[in-house]
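In what follows, a single structure is set out as structure tokens and then discussed.
Only this structure's heavy atoms are used, side chains among them; waters, hydrogens and symmetry mates stay out. Keep in mind that what you see is a predicted model, and the values were worked out from it rather than measured.
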Amino acid sequence: MSPEAIPLNIIYEDDDLLVIDKPAGLPIHPAPGHYSHTLVNAILAYLPSLPESDDSLRPGIVHRLDKDASGVMVVAKNSVAQANLINQFKTRSVVKAYLVLVKGRLTPDEGVIEAPIGRDPRNRKRMAVVAEGKEARTQYYVIKHVGDYTLVEVRPETGRTHQIRVHLSAIGYPVVGDSVYGVKSPHLSRPFLHACRLGFQSPSTTEYVEFTSNLPPDLEQALERVA
């Protein structure tokens with residue numbers, strides 16, 4: 001793993017953690033096909049003293065965002081904080097909220113989507129709602145209707161791969177700009193999916209802390225254009 005001087009938009013930092021505003025298009029960690037220009041490469045450059053972790057490809061990583069999603073992420077700066085934060089995600093005590101634009105006028109104004117998610121048997125590169133999949137639960141709250149679209153705050157309670165995109169597509173309100181599960185958009189080259197809020201217990205003080213991120217310019221402009 002090589003450090004790379006990739007700029008980081010840091011929202012908050014202390015001895016245990018780093019909260020960043022991840023830009024769209026930046027993968028979290030190396031994988032087949034892209035071993036460089038990832039968030040991990042950027043973190044290694046910013047924190048050269050970051051200790052080795054059990055997973056050498058994911059030092060400091062405690063959760064993930066899709067490559068094309070933007071928004072708030074927390075990164076651990078030591079192994080104790082990493083274990084603490086991973087456990088909070090595992091026990092579902094972390095508050096995760098996303099702003100999502102979907103096609104259609106979503107009703108009712110709030111609800112819960114409960115449907116198991118697993119590999120799509122017809123295309124192993126995709127996820128789908130499948131009977132033998134893992135439990136998945138997503139809350140949503142309509143913020144406003146914008147023309148034939150709806151801006152929604154989505155709070156996934158579980159952390160399945162592509163959960164938000166799969167669940168919203170499954171109930172008939174696909175994510176705008178999502179070429180895999182949703183609907184393509186002339187106004188957007190990526191899914192309208194932004195992690196706007198992240199709350200958890202500070203590993204050092206045990207107090208609840210919460211961090212937010214505003215919509216980035218590309219999503220703001222897409223919202224204006226569909227109105």
Would you say that [X] contacts [Y] through its side chain, given a criterion of any heavy-atom pair below 4.5 Å between the two side chains?
{"X": "V112", "Y": "E114", "result": "yes"}
{"X": "L106", "Y": "Y140", "result": "yes"}
{"X": "V62", "Y": "V74", "result": "yes"}
{"X": "L151", "Y": "F192", "result": "yes"}

Subject >> Residue from V72, V75, L198 passing side chain to side chain contact (heavy atoms under 4.5 Å, CB included) with V19 >> reply: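 Of the listed options, the one satisfying the test is V72.
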Without swapping roles, check the side chain of [X] against the backbone of [Y] for a donor-acceptor pair under 3.5 Å.
{"X": "Q139", "Y": "E153", "value": "no"}
{"X": "R105", "Y": "G147", "value": "yes"}
{"X": "R126", "Y": "V180", "value": "yes"}

Exercise: identify the closest heavy-atom pair between [X] and [Y]:
{"X": "L65", "Y": "A69", "value": "CB-CB, 4.4 Å"}
{"X": "V129", "Y": "A170", "value": "CG2-CB, 3.8 Å"}
{"X": "D218", "Y": "L188", "value": "O-CD1, 3.8 Å"}

Subject >> Criterion side chain to side chain contact (heavy atoms under 4.5 Å, CB included) on R155 and T138, from CA distance to verdict >> reply: CA-CA 6 Å; R155 298 181 199 167; T138 305; over 6 Å; no
**OP:** Measure up the H63 and F89 rings against each other and bin them: parallel (under 30°), tilted (30 to 60°), perpendicular (over 60°).
**Re:** parallel
Original post:
side chain to side chain contact (heavy atoms under 4.5 Å, CB included) between V183 and D178: does it pass, once the steps are laid out?
Top reply: CA-CA 6 Å; V183 288; D178 182 358; over 6 Å; no
Original post:
Going through the checks in order, is the side chain to side chain donor-acceptor pair (under 3.5 Å) test met by Y46 and E13?
Top reply: CA-CA 12 Å; Y46 184 75; E13 182 176 7; 2.6 Å; yes
**OP:** Start with the C-alpha distance between H167 and I117, add both sets of side-chain angles, then the distance that settles side chain to side chain contact (heavy atoms under 4.5 Å, CB included), and finish with yes or no.
**Re:** CA-CA 8 Å; H167 267 177; I117 291 175; 3.8 Å; yes
Subject >> side chain to side chain contact (heavy atoms under 4.5 Å, CB included) between L18 and I10, intermediate numbers included >> reply: CA-CA 7 Å; L18 192 63; I10 298 168; 3.9 Å; yes
Original post:
What is the distance from atom CD1 of I164 to atom OG of S169, rounded to the nearest 0.5 Å?
Top reply: 13.5 Å
**OP:** Run through the side-chain heavy atoms of Ile, Leu, Val, Met, Phe, Trp and Tyr, join any pair under 4.5 Å, and report what else lands in V80's cluster.
**Re:** none
Original post:
Under 6.0 Å from the CG atom of N214, do we count more than 12 heavy atoms belonging to anything else shown?
Top reply: no
**OP:** Step through the shown structure and confirm whether more than 12 heavy atoms of other residues, nucleotides or ligands are within 6.0 Å of NZ on K103.
**Re:**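 Open.
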Looking just at side-chain N and O atoms, do [X] and [Y] make a donor-acceptor pair shorter than 3.5 Å?
{"X": "Q201", "Y": "S93", "result": "no"}
{"X": "S70", "Y": "R190", "result": "yes"}
{"X": "N41", "Y": "S36", "result": "no"}
{"X": "Q88", "Y": "N84", "result": "yes"}

Original post:
Is any side-chain N of the basic residue among E157 and R92 closer than 4.0 Å to the acidic one's carboxylate O?
Top reply: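 A salt bridge is absent here (no side-chain N lies under 4.0 Å from a carboxylate O).
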Original post:
Salt bridge between D16 and K77, side-chain N to carboxylate O under 4.0 Å?
Top reply: no
Original post:
Is the H194 to Y98 ring centre distance short of 6.0 Å?
Top reply: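 Ring centres of Y98 and H194 not closer than 6.0 Å.
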**OP:** For side chain to side chain donor-acceptor pair (under 3.5 Å), just list the numbers for E135 and T158, CA-CA rounded to whole Å, side-chain angles, deciding distance to a tenth of an Å, and then say yes or no.
**Re:** CA-CA 8 Å; E135 172 209 9; T158 48; over 6 Å; no
Original post:
Going through the checks in order, is the ring pair (Phe, Tyr, Trp, His ring centres under 6.0 Å) test met by Y208 and F200?
Top reply: CA-CA 6 Å; Y208 178 77; F200 51 88; 7.8 Å; no
